[in-house]
Amino acid sequence: MKPKRINILGTPVDCVTMSTALDYVEDIILKANKPSSILAINPEKIIKAKKEPLLLKSLKQAKLVIPDGVGVVWAARLLGLGKMKRVPGAELMPAICERAAQKGYKLFLFGGKAEVNARAVAVLRKQYPGIQIVGHHHGYVSKQEMPNLIEKINTSEAEVLFIALGSPTQELWMEQYFPKLKNIKVCQGVGGTFDVIAGTIRRAPLIFRQLSLEWLYRLISQPRRFFRQVALPKFVYKIFVCRLTQ
Ligand code: UDP
């Protein structure tokens with residue numbers, strides 16, 4: 001069933017939980033006749049979308065926008081817009097893989113460094129016996145090489161495409177290349193998830209995740225993200241202003 005869609009600071013978010021999101025993804029795989037995107041939203045991306053119209057457009061066109069960050073769940077509750085649970089993209093992807101292994105849906109993994117991409121494929125094959133990963137490719141592809149990659153995706157007959165190029169590159173890729181994809185029904189933008197699956201980047205320890213402090217762990221463990229995370233206080237400020245002026 002199509003989830004309820006709300007808007008936070010002008011950006012769409014769907015009111016889902018892991019289980020309703022997964023069922024909806026399967027529904028799309030079974031019924032779609034063209035590629036549909038699944039994108040993740042967090043406070044940083046909401047702030048970014050305000051400045052990047054193409055990113056905002058792709059979010060608005062997405063079939064499913066999952067609340068990847070706890071800040072989004074918090075804002076939706078504070079503004080009285082809707083109830084949802086956090087659905088991290090890094091958890092939805094393995095959940096889709098598990099369902100695909102059970103049902104025989106064909107998968108393609110595009111993105112990440114060559115060794116990361118190959119390692120993620122190997123890990124998923126080991127973790128979900130019977131999984132049909134019918135193709136994969138690293139994410140450092142020039143514009144000239146793209147037609148070959150599109151051909152590879154099409155001839156693989158994959159129905160689900162995971163794309164890990166970072167944001168907004170992956171969203172812009174979808175916008176540009178969706179019309180050329182023949183069999184893909186669902187395409188999830190997964191950012192750095194292949195790195196997590198391959199084990200080159202560790203997710204936050206359980207205690208950080210349970211306390212909804214994954215963002216803090218990332219800030220400490222990947223200081224290069226500091227400038228990206230300045231979006232957080234900006235987001236909180238804008239949500240409070242929105243609440244006070246409601
Ligand atoms: N990446 C890629 N091709 C590129 C640039 C980046 O495949 O041209 C990959 C990179 O190797 C990494 C992922 O994209 O695996 C980006 O991860 P990040 O955590 O930065 O994603 P975001 O937080 O932006 O969603």
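The analysis underlying the following values was restricted to heavy atoms, covering all of them including side chains, and did not include hydrogens, waters or symmetry mates.
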Quiz item: side-chain contact (heavy atoms from CB on, under 4.5 Å) between Lys83 and Lys4: does it pass, once the steps are laid out?
Solution: CA-CA 10 Å; Lys83 278 193 192 156; Lys4 177 183 165 192; over 6 Å; no
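- Considering only residues two or more places apart in sequence or on other chains, Ser19 meets the side-chain hydrogen bond (donor to acceptor under 3.5 Å, both in side chains) condition with none of them.
- Note on residues 15-41: pairs passing salt bridge (Lys or Arg N to Asp or Glu O under 4.0 Å), not counting sequence neighbours, are Asp23-Arg99, Glu26-Arg99, Glu26-Lys103, Asp27-Lys31.
- Between the CG atom in Asn42 and the NZ atom in Lys48 there is a gap of 8.5 Å [rounded to 0.5 Å].
- Taking CD of Glu157 as the start and NZ of Lys106 as the end, the distance is 5.0 Å to the nearest 0.5 Å.
- In the hydrophobic clustering of ILVMFWY residues, with side-chain heavy atoms under 4.5 Å counting as a link, Leu232 and Tyr217 come out together.
- The side-chain heavy atoms of Asp68 and Ile41, taken from C-beta on, include no pair separated by under 4.5 Å.
- Closest heavy-atom contact between His136 and Lys152: O-NZ, 3.0 Å.
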Would you tabulate the side-chain donor-acceptor contacts of residues 175-191 under 3.5 Å, counting partners in other chains and residues two or more places apart, or write 'none'?
| from | atom 1 | to | atom 2 | distance (Å) |
| --- | --- | --- | --- | --- |
| Glu175 | OE2 | Lys57 | NZ | 2.9 |
| Asn183 | ND2 | Asn154 | O | 3.0 |
| Gln188 | NE2 | Gly89 | O | 3.4 |

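- Among all heavy-atom pairs drawn from Lys85 and Val73, the shortest one is C-CG2, 4.0 Å.
- By the 4.5 Å heavy-atom criterion applied to side chains, Arg77 and Val72 are not counted as neighbours.
- One N or O on the side chain of Arg125 and one on the backbone of Ile133 form a donor-acceptor pair closer than 3.5 Å.
- With values rounded to the nearest 0.5 angstrom, Phe235 atom CZ is found 5.5 Å from Ile8 atom CD1.
- Minimum heavy-atom separation, Phe108 to Ser156: CD1-OG, 3.6 Å.
- A side-chain donor-acceptor contact under 3.5 Å links Thr155 to the backbone of Glu151.
- Annotation for Ala101 and Pro129: closest pair CB-O, 4.1 Å, computed over non-hydrogen atoms.
- Across Gln144 and Pro147, no two heavy atoms sit closer than the pair O-CD, 3.3 Å.
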Could you list the donor-acceptor pairs under 3.5 angstrom formed between side-chain atoms of residues 238-246 and any protein atom two or more places apart in sequence or on another chain?
| from | atom 1 | to | atom 2 | distance (Å) |
| --- | --- | --- | --- | --- |
| Arg243 | NE | Leu78 | O | 3.2 |
| Arg243 | NH1 | Gln246 | OE1 | 3.3 |
| Thr245 | OG1 | Val241 | O | 2.8 |
| Thr245 | OG1 | Cys242 | O | 3.2 |
| Gln246 | NE2 | Leu79 | O | 3.0 |

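- Note that the CZ atom of Phe162 and the CG atom of Leu107 stand 5.5 Å from one another [nearest 0.5 Å].
- Distance check, rounded to the nearest 0.5 Å: OG of Ser142 to CG of Asn148 gives 9.5 Å.
- Residue Asp14 holds its CG atom at 6.5 Å from NZ of Lys2, rounded to the nearest 0.5 Å.
- Contact of the Leu124 side chain with the Met93 side chain is registered, since non-hydrogen atoms from C-beta on lie closer than 4.5 Å.
- Taking the side chain as every heavy atom from C-beta outward, Trp173 and Ile163 approach each other to under 4.5 Å.
- In this structure the side chain of Lys234 never reaches within 4.5 angstrom of the side chain of Val236, judged on heavy atoms.
- By the 4.5 Å heavy-atom criterion applied to side chains, Tyr140 and Lys113 are counted as neighbours.
- Residues Asn117 and Phe110 form no side-chain contact, since every pair of their non-hydrogen atoms from C-beta on lies 4.5 Å or further apart.
- Follow the hydrophobic side-chain contacts under 4.5 Å out from Leu165 and you never reach Ile201; the two are in separate clusters.
- With hydrophobic clusters built from ILVMFWY side chains whose heavy atoms lie under 4.5 angstrom apart, Leu92 does not share a cluster with Leu39.
- Under a hydrophobic-cluster definition in which Ile, Leu, Val, Met, Phe, Trp and Tyr are linked whenever side-chain heavy atoms come within less than 4.5 Å, directly or via other members, Ile96 and Val123 are assigned to the same cluster.
- Contact check for Glu214 versus Phe208: no side-chain heavy atoms found under the 4.5 Å cut-off.
- Listed by chain and number, the hydrophobic cluster partners of Val134 come to none, as no ILVMFWY side chain reaches under 4.5 Å of it.
- Hydrophobic clustering of Ile, Leu, Val, Met, Phe, Trp and Tyr side chains at less than 4.5 Å, counting indirect connections, unites Val121 with Val160.
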Cut-off 3.5 Å, no hydrogens considered: what does the side-chain donor-acceptor table look like for residues 59-67, sequence neighbours left out?
none

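- The two residues Ala120 and Phe194 make their nearest non-hydrogen contact at CB-O, 3.9 Å.
- Between the side chain of Gln170 and the main chain of Ser167, no donor-acceptor pair closer than 3.5 Å is present.
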